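The first residue in the sequence is number 1, and the count goes up from there. One-based numbering, in listed order, for ligands and for the atoms of each. No hydrogens, no waters, no symmetry mates; every other heavy atom, side chains included, goes into these values. Since this is a predicted model, take the numbers as computed values, not measurements.
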Amino acid sequence: MDSFENLFKPMQIGQLRVANRIMMAAIGTNYSTPEGEVTERLVDFFRARARGETGLIVTEGAYVTQSGKECSCQLGIHKDELLPGLKELADKVHADGAKIFIQLFHAGRQTVSAVTGLDVLAPSPIPCQAVQEMPRQIAKDEIPQLIDAFGRAARRAQKAGFDGVELLVGHGHLINQFLSPYSNKREDEYGGSLENRMRFALEVLACVREAVGRDYPISCRISAEEYVEGGLEMEESIAFARRLVDEGIELLHVSGATYESGPMMVPPMLLPQNIFAEKARELKKALAGRVPVAVAGRIKDPRRAEDLIKEGKTDLVALGRALLADPEFPRKAREGRISEIRKCIGCNQGCMDRLLMQKDITCLGNPLCGRESEYGYEIEEAAAKKKVLVIGGGPGGMEAARTASLRGHEVLLYEREKQLGGKMLPAAVPPGKAEVGDLRVFLIEQLTKLPVKVVTGHEVDLHTVEKFAPDAVILAAGSKPLFPKIPGIEQENVAHADDILSGEKQLGLGERVLVVGGGLVGCEIANFAAEQGKNVYLLEMLAEIGADIGFFYKILLMTRMQERGVELHPETTLKEIKGNTVIAEHKGEDKEFENISTVVIAAGYEPDRGLLASLAEKYEVFSIGDCKEVRKMLEAIHEGFECSFRL
Ligand code: SF4
C-alpha cells in the first residue's frame with residue numbers, strides 16, 4: 001500500500017497547523033446569492049471537501065468591493081451584512097475538521113459592467129482580450145479606497161472565524177494587473193519599474209496585515225508567468241515573491257496564466273498534469289524555506305502529488321477540479337483506496353465551461369458536486385428495494401447502474417458491445433484525450449465491486465426483459481450516427497468518425513482525408529487524422545467551427561489543428577461523393593475536393609430509442625442520456641445518477 005508519508009504530514013502555516021498537505025484551491029462556484037451571501041449549497045459543498053479530509057480549504061474568490069465582482073452569484077465579503085453567513089461557513093467547515101481561508105478578490109478589468117453595475121476598473125485603459133470591455137483607468141485618488149476595501153474584507157474574514165486569508169495576486173485580476181508590465185502602463189508611482197508595479201500589491205498586503213494583526217496567516221496566490229507577450233515572467237515573479245515574504249506573508253501559492261492565456265489557467269486534458277510544478281520548484285528554491293509553497297495546476301493523482309512534495313518542488317498541493325471530481329480524494333488516498341478515486345479528466349465541461357457562461361458549476365463525472373444539499377454527501381439506501389434493468393453500458397448506463405446498486409436495488413446491466421463504455425471508448429482515442437478512459441475504468445471498477453450483474457455482447461429484446469421482470473427499466477441505449485443523405489455516401493471510402501476511432505475502420509493509405517462536420521467529434525477526428533500525417537479538409541455547414549466545444553479546450557484544439565495544417569471550410573455543405581472527388585456547396589457555389597482517400601462523417605447523432613415503445617407498454621421506463629436527447633457525456637452521467645437516485 002502507498003504510504004504517502006509526505007502528503008499526510010501536518011503543515012505549519014505561520015501560527016496555523018494544518019493536518020495534511022492537501023489544500024483546496026479557490027475555484028469559482030456561482031453558488032452564492034446575487035448579493036454575494038453564503039448559501040446552504042455553498043456550505044455543504046465545502047463541508048463535503050472538509051469531510052473528505054482536505055487539510056486546508058481556500059474558498060472561491062470573494063469580492064472585496066462591488067466593482068471587483070466577476071460572477072453573477074459569486075461569494076462576497078464587501079459588507080458587514082455578510083458576516084453571519086461567512087461565520088456559518090467557517091464554523092461548519094471547522095466542525096468537519098478542515099481549516100479554511102477565504103480568498104480576497106477584485107476582478108479589475110476581468111469582469112463586465114453588466115455584472116458589477118459599475119465601471120470596469122483597471123490600472124490602465126487596456127481591455128482584457130478575453131472579456132473585451134474597455135476599462136476605466138483607476139484614478140490615483142481612488143487607489144486608497146480600493147486598498148482599504150481589501151483591509152476591511154480581511155478584518156471581516158478574521159471576525160467570521162476564517163483561519164486566514166488568501167490574496168489573489170495572480171490570474172490577471174486587479175492586483176496582478178498592477179503588477180504586470182502587460183496590463184499596467186501607468187506613468188505615476190504605480191506603473192513603470194517593477195518597484196512601482198509592485199506598489200499596489202504591497203500596499204494591499206500592508207493594509208491587510210494591519211487589519212488582521214501579526215499572527216494571522218496570509219497567503220498570496222500568484223501567477224508565476226502570465227504566458228502573454230510582454231507579460232510577467234519568472235525573474236520578476238521571483239523578485240516579487242521575495243518582497244511578499246519580506247513583507248510578512250505566510251504562504252506562497254503558485255499558479256500561472258491570466259484570462260488571456262486561458263487554457264493555461266484551467267488546463268484542459270490536452271495540457272500536461274502538474275503543469276506549474278517546475279515554477280513552484282524555482283520559487284521555493286528562491287525563497288529558501290522562509291515560507292511554505294503550494295502549487296496548483298492539474299494535480300489529480302495522489303502518487304504524483306506525493307512525489308511533488310518528496311522531490312522538494314512544493315510543500316503543499318493545491319487541488320481544484322480534482323476535489324470537484326472526488327471530495328474524498330484525500331481520505332481515499334490516505335486509506336490506500338487509490339482506484340476508488342474518481343479522477344478529474346480535465347474536460348472542463350461541468351466546471352469552467354459552465355462558469356464562463358455565468359452558470360453554477362458541477363463535475364461531469366461527479367453528479368453530487370454542488371448538489372450535496374439536495375442529495376446528501378453520499379448515496380443512501382432506498383426504503384423499498386427494486387429490480388432495475390439498465391439497457392446500455394455507456395457512461396449514463398454505468399452511472400445509473402452504480403447509483404441504483406448503491407441504493408440497494410438489484411441491478412442487471414446489458415451492453416450490446418463486448419466492452420462497457422459506449423462513446424467513452426472512441427472519445428478517449430483522439431490526441432490528448434486518454435484521460436476519458438480513467439473515468440471509464442473508474443465506473444467499471446465500481447460496478448465490479450458492487451453486486452451489479454453485467455452482461456456484455458448481448459442485444460436486449462423483450463424476451464430478455466420479461467425474464468428478469470424488472471420493476472424499472474433504465475434505457476441508456478445511446479445514439480446512432482447520422483449520415484447525410486447524399487449520392488455516394490455508401491461508398492467504400494466513407495467511414496464514420498466512431499468507426500475510425502474505435503479501430504473498426506482505417507483511414508486508408510491515401511494522403512487526403514475529408515471530414516464532414518465541424519463540431520467536437522469532427523474537430524477531434526480531424527486533429528487525429530492530421531496527427532497521423534494526413535492532409536485534412538474539414539467541412540462545416542455553420543459559420544462557426546467547433547460551436548459546441550468548451551472555450552479553453554476549443555482554443556487548444558483549434559491551435560493544434562492549425563499547427564497540423566487542417567484546412568477549415570465553414571459554411572460548406574456536402575453534396576455528393578464521386579469516387580475520390582467530394583463535391584460541396586459554399587455560399588451557393590460548388591467546390592470540388594479531389595483525390596480524397598477517406599471521407600469521415602462526423603455529422604451528429606440521433607437517439608437510439610429502438611425498444612422504448614414496446615417496453616413502455618409494460619414497464620416503467622426511464623430514458624437517459626443520448627437516447628433521450630443527443631447531448632454530451634455530462635448529461636448522460638447526471639441523468640443516470642438522478643434517475644437511479646429517485647428509484
Ligand atoms: Fe474535472 Fe471535468 Fe469534473 Fe471539471 S467537469 S472537475 S474538468 S472532470
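Note on Arg281 versus Glu278: salt bridge recorded, some NZ/NE/NH1/NH2 to OD/OE distance being below 4.0 Å. Remark: Arg560 does not engage Glu524 in a salt bridge, criterion side-chain N to carboxylate O under 4.0 Å. The pair Lys279-Glu225 counts as a salt bridge, with a side-chain nitrogen and a carboxylate oxygen less than 4.0 angstrom apart.
A search for salt bridge (Lys or Arg N to Asp or Glu O under 4.0 Å) contacts involving Arg321 returns nothing, not counting sequence neighbours.
Between Tyr375 and Phe645, the ring planes lie perpendicular to each other; the angle is over 60°, past the 30° to 60° tilted range.
Remark: side-chain polar atoms of Asp360 are not paired, donor with acceptor, to backbone N or O of Thr29 under 3.5 angstrom.
Protein atoms that are N, O or S and lie under 2.8 Å from atom 2 (Fe) of ligand 1 are these: Cys347 SG.
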